[in-house]
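Below is one structure, written out as structure tokens; the observations come after it.
Computation of the quantities below employed the complete heavy-atom set of this structure, encompassing side-chain atoms and omitting hydrogens, waters and symmetry-equivalent molecules. Whatever order the structure lists ligands and atoms in, that order sets their numbers, starting from 1.
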Amino acid sequence: MSVSRGRKVLATPGPTILPDEVLAAMHRQPIDLYGSAMEEITQSCLADLKSVFGTQGSIYIYITNGHGAWEAALTNILSRGDRVLALESGLFATAWADLARALGIEVELLPGDPRRAVDPAALEERLRADREHRIKAILVVQVDTASSVVNDIPAIRAAIDKAGHPALFLVDAIASLATMPFMMDAWRIDVALGAAQKGLMLPPGIAFVAAGPRAKQARQAAGLATRFWDWVFRDGEENYMKHCGTAPEHLIFGLRAALDLLAEEGPAATFRRHQLLADAVREAVSAWSKDGSVEFNIIAPSQRSNAVTTILTNGFDPLELQQWCEAVCGVSLGTGIGSFSGKGFRIAHMGHVNAPSILGVLGAVEAGLTALRIGKASGGVSAASALLGRSIGRG
Ligand SMILES: *Cc1c(COP(=O)(O)O)cnc(C)c1O
């Protein structure tokens with residue numbers, strides 16, 4: 001028996017649910033790649049992306065995914081043998097570090113814990129010890145999508161400043177952009193990264209790199225630069241150079257629609273919506289945690305992100321629950337990845353999400369826990385809706 005007919009709900013932390021406006025904007029014929037319409041729409045997207053990133057710097061749109069953005073960022077500022085320090089806090093910073101190593105970059109990990117945020121004091125201490133300033137760049141993620149931790153980027157910036165270290169500061173905001181504040185210039189970030197398929201509500205296929213003045217300066221000595229990723233080529237006169245070839249036209253049409261949706265809601269309301277829906281998820285997980293069958297991966301409540309929640313399963317196989325939710329309810333949960341494989345699952349609450357989509361996901365999980373006789377899970381959904389009612393009041 002199944003109750004899954006009707007619109008399916010995707011609760012994976014990328015790709016995420018697409019707004020109908022984005023789908024509709026993409027449902028059209030291509031246009032002349034060299035024409036003024038293509039140039040105008042590209043320029044308008046670049047201008048709006050600057051405000052999404054909070055920067056006056058340059059924005060580059062790449063036909064790629066998050067991994068490509070990682071490579072674009074590194075190759076434009078570094079040379080073989082340069083040293084970087086990656087701040088471990090889950091799978092993504094270490095995967096970025098592995099990619100750097102494969103490029104011939106010397107990588108050092110600042111050891112972290114998959115259940116906690118990066119410790120700024122440990123970073124400050126490490127940087128103080130680097131008296132010769134051998135570390136050329138620092139790599140960190142704002143939200144690690146595997147562990148669901150949110151790192152405190154301003155506190156990490158302050159630690160770099162306290163140590164008086166000149167390293168370039170690179171922040172992966174792929175999972176966090178448009179779900180919580182991000183202020184590239186105010187936080188003096190040199191390179192910031194985003195991708196289409198998370199909070200930006202687009203299909204996978206494009207990713208964004210924002211570069212500040214110090215990063216553009218570093219490009220001049222970067223031995224790893226190659227044509228496709230190269231900021232210098234992409235800064236060229238002709239519009240096609242911005243994409244190093246044919247523009248990903250339909251993704252740009254979709255991007256225009258997604259940026260319009262974000263502008264219409266306004267950043268404060270977008271962030272508040274994510275906060276409230278994340279709080280609702282956390283209420284439900286707290287209720288389910290009472291008998292110990294599940295628990296939050298991130299121990300400190302202040303370090304839990306508003307984009308995704310990783311839930312550890314104690315004594316049962318998360319895949320069974322995921323399969324039940326998918327087959328019976330039409331809800332796709334995020335699978336546990338990296339060290340969480342077989343040990344937990346994830347609920348994404350990023351992008352085009354609202355109360356019915358999130359409460360529906362929570363309801364499916366609670367039904368699944370009941371059906372599979374896992375613990376004594378109950379009361380999660382009512383706790384989540386009560387929280388929304390209490391917090392929002394008359395609206
Ligand atoms: C999804 C994600 C990536 C990787 O993106 P892909 O598109 O899968 O290459 C990198 N960093 C973070 C924080 C992510 O959430």
Side-chain angles (χ1 to χ4, degrees), residues 10-18 52-53 60-75 84 86-100 102-103 109 112 114 117-118 138-153 156 169-180 182 184 189 191-210 228-229 248 251 254-255 258 274 278 297-298 303-310 332-341 344-351 353:
L10 184 62
T12 63
T16 57
I17 295 172
L18 299 178
V52 171
F53 277 98
Y60 300 94
I61 302 176
Y62 292 100
I63 301 174
T64 188
N65 56 18
H67 282 69
W70 283 343
E71 186 154 327
L74 297 169
T75 54
V84 301
L87 314 185
E88 191 183 5
S89 66
L91 183 72
F92 283 85
T94 48
W96 191 8
D98 282 346
L99 184 143
L103 288 168
L109 278 186
V118 167
I138 295 163
L139 278 47
V140 68
V141 297
Q142 188 176 28
V143 167
D144 186 287
T145 326
S147 73
S148 75
V149 79
V150 57
N151 288 313
D152 186 342
I153 301 300
I156 292 171
F169 187 29
L170 277 56
V171 181
D172 170 341
I174 292 173
S176 49
L177 214 57
T179 75
M180 63 174 291
F182 187 80
M184 175 165 167
I189 294 164
V191 183
L193 294 80
Q197 76 275 19
K198 314 264 171 129
L200 292 175
M201 311 178 285
L202 288 164
I206 50 174
F208 313 101
V209 175
F228 185 74
W229 305 121
L251 284 160
L255 174 61
H274 279 86
N297 174 53
I298 299 302
Q303 298 179 355
R304 294 173 188 155
S305 84
N306 287 341
V308 57
T309 299
T310 302
S332 299
L333 299 169
T335 206
I337 54 171
S339 60
F340 304 106
S341 173
F345 66 97
R346 295 176 295 164
I347 296 176
H349 29 89
M350 57 171 78
V353 286

message: For Gln142, which part has a heavy atom under 4.0 Å from ligand 1: side chain, backbone, both, or neither?
response: neither
query: What part of Val143, side chain from CB on, backbone N/CA/C/O, both or neither, has a heavy atom under 4.0 Å from ligand 1?
result: backbone
task: Examine distances only and state if a side-chain atom of Thr16 and a backbone atom of Lys198 form a donor-acceptor pair shorter than 3.5 Å.
output: yes
Minimum-distance protein heavy atom relative to atom 6 (P) of ligand 1: Gly66 N, 3.3 Å
message: Is there a polar contact between ligand 1 and Asp144, counting only N or O atoms under 3.5 Å apart?
response: no
- line: the protein heavy atom lying closest to atom 15 (O) of ligand 1 turns out to be Thr145 OG1, 2.3 Å
task: List in chain and number order the residues that pass ring-ring contact (aromatic ring centres under 6.0 Å, His included) with Phe92, two or more places apart in sequence or in another chain; answer none if no residue qualifies.
output: none
message: Quiz question: by atom type and distance under 3.5 Å, do the side chains of Asp172 and Trp70 form a donor-acceptor pair?
response: yes
query: Nearest protein heavy-atom contact for atom 11 (N) of ligand 1: which residue, which atom, what distance?
result: Asp172 OD2, 2.7 Å
Distance in Å, Glu71 CD paired with Leu99 CG, rounded so as to fall on 0.5 Å steps: 5.5 Å
- prompt: Could you state the interatomic distance from CD (Gln197) to CE (Met350), rounded to the nearest 0.5 Å?
  reply: 9.5 Å
query: When rounded to the nearest 0.5 angstrom, what is the spacing between CD1 in Ile153 and CE in Met184?
result: 12.5 Å
Proximity of Asn65 to ligand 1 by residue part, where a heavy atom lies under 4.0 Å: both
Protein contact to atom 9 (O) of ligand 1 [nearest heavy atom, distance to 0.1 Å]: His67 ND1, 2.5 Å
- prompt: Given Phe182 and Val52, is the side-chain contact (heavy atoms from CB on, under 4.5 Å) satisfied, shown in steps?
  reply: CA-CA 8 Å; Phe182 187 80; Val52 171; over 6 Å; no
Donor on one side chain, acceptor on other, Asn151 and Ser89, under 3.5 Å: yes
- line: So the atoms of ligand 1 within less than 4.0 Å of a heavy atom of Gln197 turn out to be 6 (P), 7 (O)
statement: Looking only at protein heavy atoms, what sits closest to atom 3 (C) of ligand 1 is Phe92 CE2, 3.4 Å
- request: Distance to 0.1 Å, residue and atom name: give those for the protein heavy atom nearest to atom 14 (C) of ligand 1.
  value: Lys198 NZ, 3.0 Å
- prompt: Where on Trp70 is there a heavy atom closer than 4.0 Å to ligand 1, on the side chain, on the backbone, on both, or on neither?
  reply: side chain
